[in-house]
Amino acid sequence: MTLPNLAPIPELYVSHESAQKLKIEAGNLPSWDLTPRQICDLELLMNGGFFPLKGFLSEADYDGVVDNMRLADGTLWPMPITLDVNEKFAEGIAPGQDIALRDQEGVILAILSVTDKWVPNKAKEAEKVFGADDLAHPAVNYLHNTAGKIYLGGPVTGIQQPVHYDFKARRDTPNELRAYFRKLGWQKIVAFQTRNPLHRAHQELTFRAAREAQANLLIHPVVGMTKPGDVDHFTRVRCYEAVLDQYPQSTTTMSLLNLAMRMAGPREAVWHGLIRKNHGVTHFIVGRDHAGPGKNSQGVDFYGPYDAQTLFKQYEEEIGVTMVDFKHMVYVAEKAQYYPANEVPEGCTVLDISGTELRRRLREGLDIPEWFSFPQVVSELRRTSPARAKQGFTVFFTGLSGSGKSTIANALMVKLMEMGGRPVTLLDGDVVRKHLSSELGFSKEHRDINIKRIGYVASEITKNGGIAICAPIAPYTATRRAVREMIEAYGAFVEVHVATPIEECESRDRKGLYKLAREGKIKEFTGISDPYEVPANPELAVDTTGVDVDHCAHQVILKLESMGLIKA
């Protein structure tokens, strides 16, 4: 490995003086409010993290990246970096126009000079980039159900970087890190990518990697967007800071990377290598199932455990970063130390705690041994993830009109209030429509907005340790999934499908709604003229036909007990 080239890398920012002038001019341009993922992408475009990209991909570059991981000029680049917008905004934009790119507070961050506008083949993008057009993959789900239908491409002129109010001293641009390495005279730097808290096995792994490469260590955790359900970055960074003093100060540093991960496995590993090359590193640790999203819709891992290492090795020379393959570390009881799993002395007792087992122990308030993690890390995790019986959670009833959702929800609310301990809030579909969504109609778009508003309120209740009970119809799978992801960032989401057949619901039709729908007087009525997508894997399904409400509510209580969310 040659010495790292630590000369400054090209950035897309203009001078401060030019930025002030451009800000004024940009105020008159059409403007797009960036999504959180687009803000992450734009930051790394502007500061050189995504070098050699000069902006969001053109259609030709996009096609090349999707098809064979190369830009139109042949340069290796595995991940589409696109500005997706909705059809309404795209109607008013044509190639040759400039648009202002704003953050969610309305601050202008950059100007995009639009060169391309096209409708992508998202199914093809999913197949090629993520390996399958399977909605169980979080990025494929995002592609189809969150991302806009139109892509805009073109060079970006950077005006200012996004503002971060948290951990400012830990955030470095590629050039700031390069200058730091240059100042310290570091010749070899091995980067460790992580989106999880650091435990003792990680520390041992990174020690060994740095020692084998005879390199200094950069702990480079992602704090942009990771996988839904991951530990929030505030908690993770506090955990990292708690164990930094376990490393020799003169050999190790930590910097935060505001990257929006795609969980694309092999392609993501190559992408991560290119990003780290731009940050001045010479070596990169590629993990087992690196950036894997978990199971597909058939219950099988999306990627093989070593697919990422294989693809990275194939392009290692072109990336310009040497791969350090991740060794699965296990604790050997007799030796009281960690060993790579394939180097354990014969006859020794191996101890290991999986991520699933760690979450179970946190959830149930069980002991986490010191051989596994540092007491400071466990303490931070317990602050954010108290035992489940002390966490907020959401019970989300879904089912046809007249199925009995609201009645069971009311009974459940009373039972939970009788138990006490946490505040309980009922977000009934009709009540929410009256107070939060009175301006909305019953089109698919408006129903989705209504459900997402319910989800947002429930997530805030859950985050603050309360119990939210929701009882909308919520007919669409994608919307229910979006609500689940919103809530599971803070606590448990318990989906209860009230699976009462439509014939029974129709026979109870006190308001005469089904009759009006059958006569065509109510348009887009769920179950008649609009579909109800039955939940595939709800936590609980109940049918209220011939069953009293108290029994159904009790079934939910038993489910909550079995999940450890309440104690009888």
Quick one: do Thr394 and Thr462 satisfy side chain to side chain donor-acceptor pair (under 3.5 Å)? Show the steps, please. CA-CA 6 Å; Thr394 292; Thr462 300; 2.7 Å; yes
Evaluate His144 against Asp133 for side chain to side chain donor-acceptor pair (under 3.5 Å), listing each step before the verdict. CA-CA 10 Å; His144 287 304; Asp133 190 13; 2.7 Å; yes
One pair to check against side chain to side chain donor-acceptor pair (under 3.5 Å): Thr384 and Thr235. What are the steps and the verdict? CA-CA 7 Å; Thr384 310; Thr235 301; 2.8 Å; yes
Give the C-alpha distance, both sets of side-chain angles, the deciding distance and a yes or no for ring pair (Phe, Tyr, Trp, His ring centres under 6.0 Å) between His137 and Phe302. CA-CA 8 Å; His137 194 299; Phe302 270 97; 4.9 Å; yes
Evaluate salt bridge (charged side-chain N to carboxylate O under 4.0 Å, His left out) for Arg236 paired with Glu380, printing each intermediate quantity in order. CA-CA 8 Å; Arg236 288 191 289 112; Glu380 283 294 344; over 6 Å; no
Evaluate ring pair (Phe, Tyr, Trp, His ring centres under 6.0 Å) for Phe396 paired with Phe493, printing each intermediate quantity in order. CA-CA 7 Å; Phe396 192 92; Phe493 178 88; 5.4 Å; yes
Check the pair Ser373 / Arg200 against side chain to side chain donor-acceptor pair (under 3.5 Å), numbers first and verdict last. CA-CA 5 Å; Ser373 193; Arg200 290 189 187 272; over 6 Å; no
Salt bridge (charged side-chain N to carboxylate O under 4.0 Å, His left out), that's the test. Do Glu539 and Arg484 meet it? Break it down for me. CA-CA 12 Å; Glu539 276 70 19; Arg484 178 184 287 273; 3.0 Å; yes
Tyr514 and Phe525: CA distance, side-chain angles, deciding distance, ring pair (Phe, Tyr, Trp, His ring centres under 6.0 Å) verdict: CA-CA 8 Å; Tyr514 280 96; Phe525 190 84; 5.0 Å; yes
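In this structure, Ser403 and Leu400 approach most closely via the heavy-atom pair OG-O, 2.7 Å. Closest non-hydrogen pair, Val140 versus Ala132, comes out as CG2-O, 3.6 Å. The heavy-atom pair separating Pro472 from Ile451 by the smallest distance is CB-CD1, 3.5 Å. Residues Val542 and Gln555 approach most closely at CG1-CB, 4.3 Å, considering heavy atoms.
Classification of Arg262 and Glu268 as a salt-bridged pair fails, no side-chain N sitting under 4.0 Å from a carboxylate O. A salt bridge between Glu125 and Lys122 is absent, with no side-chain N of the basic residue lying under 4.0 Å from a carboxylate O of the acidic one. A salt bridge links Glu460 to Lys463: at least one charged side-chain nitrogen sits closer than 4.0 Å to a carboxylate oxygen. Arg360 has a carboxylate O that lies under 4.0 Å from a charged side-chain N of Glu357, or vice versa, which qualifies the two as a salt bridge. Ion pair Lys295/Asp301 flagged as a salt bridge, since at least one NZ, NE, NH1 or NH2 atom sits closer than 4.0 Å to an Asp/Glu carboxylate oxygen. Between Glu506 and Arg518, at least one side-chain N (NZ, or NE/NH1/NH2) sits under 4.0 Å from a carboxylate O, which counts as a salt bridge.
Arg195 places no side-chain N or O within 3.5 Å of a backbone atom of Val222 that could act as its donor or acceptor partner.
Side-chain atoms of Asn196 and His202 form no donor-acceptor pair, as typed in the model, at a separation below 3.5 Å. Checked by atom type, the side-chain pair Asp84/Thr82 shows no donor-acceptor distance below 3.5 Å.
Side-chain contact between Asn141 and Glu485 is present, with heavy atoms from C-beta onward closer than 4.5 Å.
A centroid separation of 6.0 Å or more is found between the aromatic rings of His220 and Phe192.
Only one option out of Thr526, Asp530, Asn145, Asp448 pairs with Tyr476 in a side-chain hydrogen bond (donor to acceptor under 3.5 Å, both in side chains); it is Asp530.
More than 12 heavy atoms of other residues, nucleotides or ligands shown are found within 6.0 angstrom of CG on Asp548. For Glu439, the CD atom sits in a packed shell: over 12 heavy atoms of surrounding residues, nucleotides or ligands are nearer than 6.0 Å.
Classified by interplanar angle (parallel below 30°, tilted 30° to 60°, perpendicular above 60°), the ring pair Tyr532/His497 is parallel. Note on ring orientation: taking the six-membered ring where Trp is involved, the planes of Tyr338 and Trp371 are tilted (angle from 30° to 60°). Ring pair Trp32/Phe89 is tilted by interplanar angle, where 30° to 60° counts as tilted.
Geometric assessment of Arg480 against the ring of Phe397 yields a negative cation-pi assignment under the 6.0 Å and 45° thresholds.
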